[in-house]
Amino acid sequence: MQRKSLFINGSWREGSGGRIAKVFDPSTEEEVGVVSFVEREDLDAAAAAAGNAFKGWAAMPAMERAKLLRHASSNMRSRSEQIATAITREQGKPISDARLEVSGSADQIDWFADEGRRAYGRIVPSRSPEVIQMVLKEPIGPVAAFSPWNFPVYQLVRKVAPALAAGCSIVAKAPEETPLCAIETIRCFEDAGIPAGVINLVFGVPSEISEHLIASPHIRKISFTGSVAVGRHLGVLCAREMKRTTMELGGHAPFIVTAKADLEAASRVALAMKFKNAGQVCVSPTRFLIDNTQYGRFIDLFVAGIDKVVVGPANDPKTTMGPLAHAGRLAAMETLVEDAVKRGAELLAGGHRVGNRGYFFAPTILANVPPDAMLMKEEPFGPIAIVNPVKDIQEAIFEANRLPFGLCSFAFTTDLAEADLLGRSIQAGAVAINQAFAGLPEIPFGGVKDSGHGSEGGIEGLQAFLVDKVITQRSAAA
Ligand code: NAD
């Protein structure tokens, strides 16, 4: 079944070159399936299908598109267990988290279904009584979307739902590590009656696909979620082709705890946010910057809390942290910890692989990590926390803004003036104060600096797929 993993112009098929890749369960390293790879001619067919379907889809009234999208979300809810099981098996997150990912994805579809009906333009008062000046919002055209493996359903839906709601067609490249849950997701749209060619799904060699689709004359916009390095490369290719982009890239989130913070609340959120999805989350906190006066106590609470993190196979209901998504992530964690310790960091917890089967890595805390450690510059994208002392709030803000990233950030204080200062001073797309952060459908989320540009979520997430057209019209009566 999985061999027919490409969805092009309304039918499921294999790649024309017969190339496939194996899919592994990261909890067991067992092969759980295969995925077909596209060839250039398949990509051309997908881009042409999106190009042909665009006109009819864009012309369909937004109310009708909304009904189909609502049907897709209802399919997703009724198939929740099946999709969540696929996520758990391919990506490794605990089944309870996978179920939340599915319901959160269905919520995204519902929200954009409704928001698509509110893509209002405006009338601009004109300088002449005979002229009317209208600003129309039009769908940008067929989109190529590249979604990552960390939230394989949610991240795919974050691109498909607003694109479709705006009236765009799409060629989505989902992650090769997690094809089945992406296939199940696209089936929810197919079975809702979305016309052939409006959604196309491909897998293959990521660089081959992105280079080919960016150059395709059918494709008008690229939406990418992934690392800064890949985002930068794709940005250059898009600039050459004059294609618009949304880039949701990496982060290195600071987590500031001031002298006036509620430590119990801060450590509770620290544990919940750091080890969720084994740290493979773009908003995951990485640099815990703790006021000197709170440092020792925060570390005690944080280290004690780690005992409650249950590392184990994703399908075990007792597990709270599953494996990393692929073997490469495990090697990356080992390198980062080794480098930090070699340069003088203190290893307070974890720092090693768990077992010798499955890509499990222990929840890890490193204290007093020196600025020259790789970890202080590179996003770990795994269960590693850096806990460093700071002398005051100014030093914390300086360190928070030191890196070229600016995606998510966290701050804890019970002082209103400090909260105000932190909210305004931290250079990031999002600042969560005294609480956790979640990318909800109704709020925009995106980065500043090297973390990318454009937003997903919120009205901004819909606007990303719309262009403005001005019509200045002389009245027929004039
Ligand atoms: P990676 O950079 O090789 O891959 C990340 C994602 O980008 C994958 O889904 C991959 O298929 C895609 N990709 C890679 N090269 C591409 C190309 N030329 N064209 C189109 N897509 C391409 O690294 P990885 O080890 O798989 O993931 C780790 C890094 O990726 C992390 O450091 C993190 O910064 C980033 N990442 C970010 C997010 C996010 O939500 N922002 C999600 C997953 C990965």
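Every number for a ligand or one of its atoms is a count from 1 in the order of the listing. Counting begins at 1 with the first residue of the sequence.
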For atom 18 (N) of ligand 1, state which one of Ser207, Gly251, Gly439 supplies the nearest heavy atom.
Ser207
Mind checking whether Glu379 has an N or O less than 3.5 Å away from an N or O of ligand 1?
yes
Give the residue, atom name and distance (to 0.1 Å) of the protein heavy atom nearest atom 10 (C) of ligand 1.
Pro206 CG, 4.4 Å
Heavy atom of protein closer than 4.0 angstrom to atom 23 (O) of ligand 1:
no
Does some non-hydrogen atom of His326 fall short of 4.0 Å from ligand 1?
yes
Counting both backbone and side chain atoms, is some N or O of Thr225 under 3.5 Å from an N or O of ligand 1?
no
Does NZ or CZ of Arg329 come closer than 6.0 Å to the centre of the six-membered ring of Trp149, within 45° of the ring's axis?
no
Give me the nearest non-hydrogen protein atom to atom 35 (C) of ligand 1 as residue plus atom name, then the distance to 0.1 Å.
Ser227 N, 3.5 Å
For atom 41 (N) of ligand 1, what's the nearest protein heavy atom and its distance?
Cys282 CB, 3.3 Å
I need the atoms of ligand 1 closer than 4.0 Å to a non-hydrogen atom of Glu248, numbered in the order shown.
41 (N)
Show which atoms of ligand 1 fall inside a sub-4.0 Å distance from at least one heavy-atom site of Phe146.
20 (C)
For atom 31 (C) of ligand 1, which protein heavy atom lies nearest, and how many Å away is it?
Phe381 CG, 3.6 Å
Gln82 and Glu184 side chains, donor-acceptor separation under 3.5 Å
yes
Any side-chain donor-acceptor pair under 3.5 Å between Asp44 and His212?
yes
Do Asn388 and Glu399 have side-chain atoms, one donor and one acceptor, less than 3.5 Å apart?
no
Once you restrict to heavy atoms under 4.0 Å, what part of Leu249 touches ligand 1? Side chain, backbone, both or neither.
backbone
Check whether any side-chain heavy atom of Ser27 lies under 4.5 Å from a side-chain heavy atom of Phe360, and answer yes or no.
yes
I'd like to check atom 27 (O) of ligand 1 in this structure: does the protein have a heavy atom lying under 4.0 Å from it?
yes
Donor-acceptor pair between Ser223 and Lys159 side chains, under 3.5 angstrom:
yes
With distance as the sole criterion, is a donor-acceptor pair present between the side chains of Lys221 and Thr246 under 3.5 Å?
yes
Of all the heavy atoms in Lys173, does at least one lie under 4.0 Å from an atom in ligand 1?
yes
In the protein, which heavy atom is nearest to atom 4 (O) of ligand 1, and how far is it?
Trp149 NE1, 4.7 Å
Just so I know, are the side chains of Cys282 and Phe445 near enough to count as touching, which here means a heavy-atom distance under 4.5 Å?
yes
Ring-face cation of Lys173 near Phe203 (centre distance under 6.0 Å, axis angle within 45°)
no
Residue and atom name of the nearest protein heavy atom (relative to atom 19 (N) of ligand 1), distance in Å to one decimal
Ser210 OG, 2.8 Å
of all protein heavy atoms, closest to atom 43 (C) of ligand 1 is Pro148 CB, 3.3 Å
What do you reckon, does Phe224 put a non-hydrogen atom under 4.0 Å from ligand 1?
yes
Which residue and heavy atom of the protein sit nearest atom 25 (O) of ligand 1, plus the separation
Arg329 NH1, 3.3 Å
Among the heavy atoms of Gln155, does any lie under 4.0 Å from an atom of ligand 1?
yes
Under 3.5 Å, is there a donor-acceptor pair linking the side chains of Ser16 and Glu39?
no
Should the pair Phe151 and Tyr154 be assigned to parallel (<30°), tilted (30 to 60°) or perpendicular (>60°) ring geometry?
perpendicular
side-chain contact (heavy atoms from CB on, under 4.5 Å) between Val143 and Arg220, worked out
CA-CA 6 Å; Val143 174; Arg220 297 309 323 155; over 6 Å; no
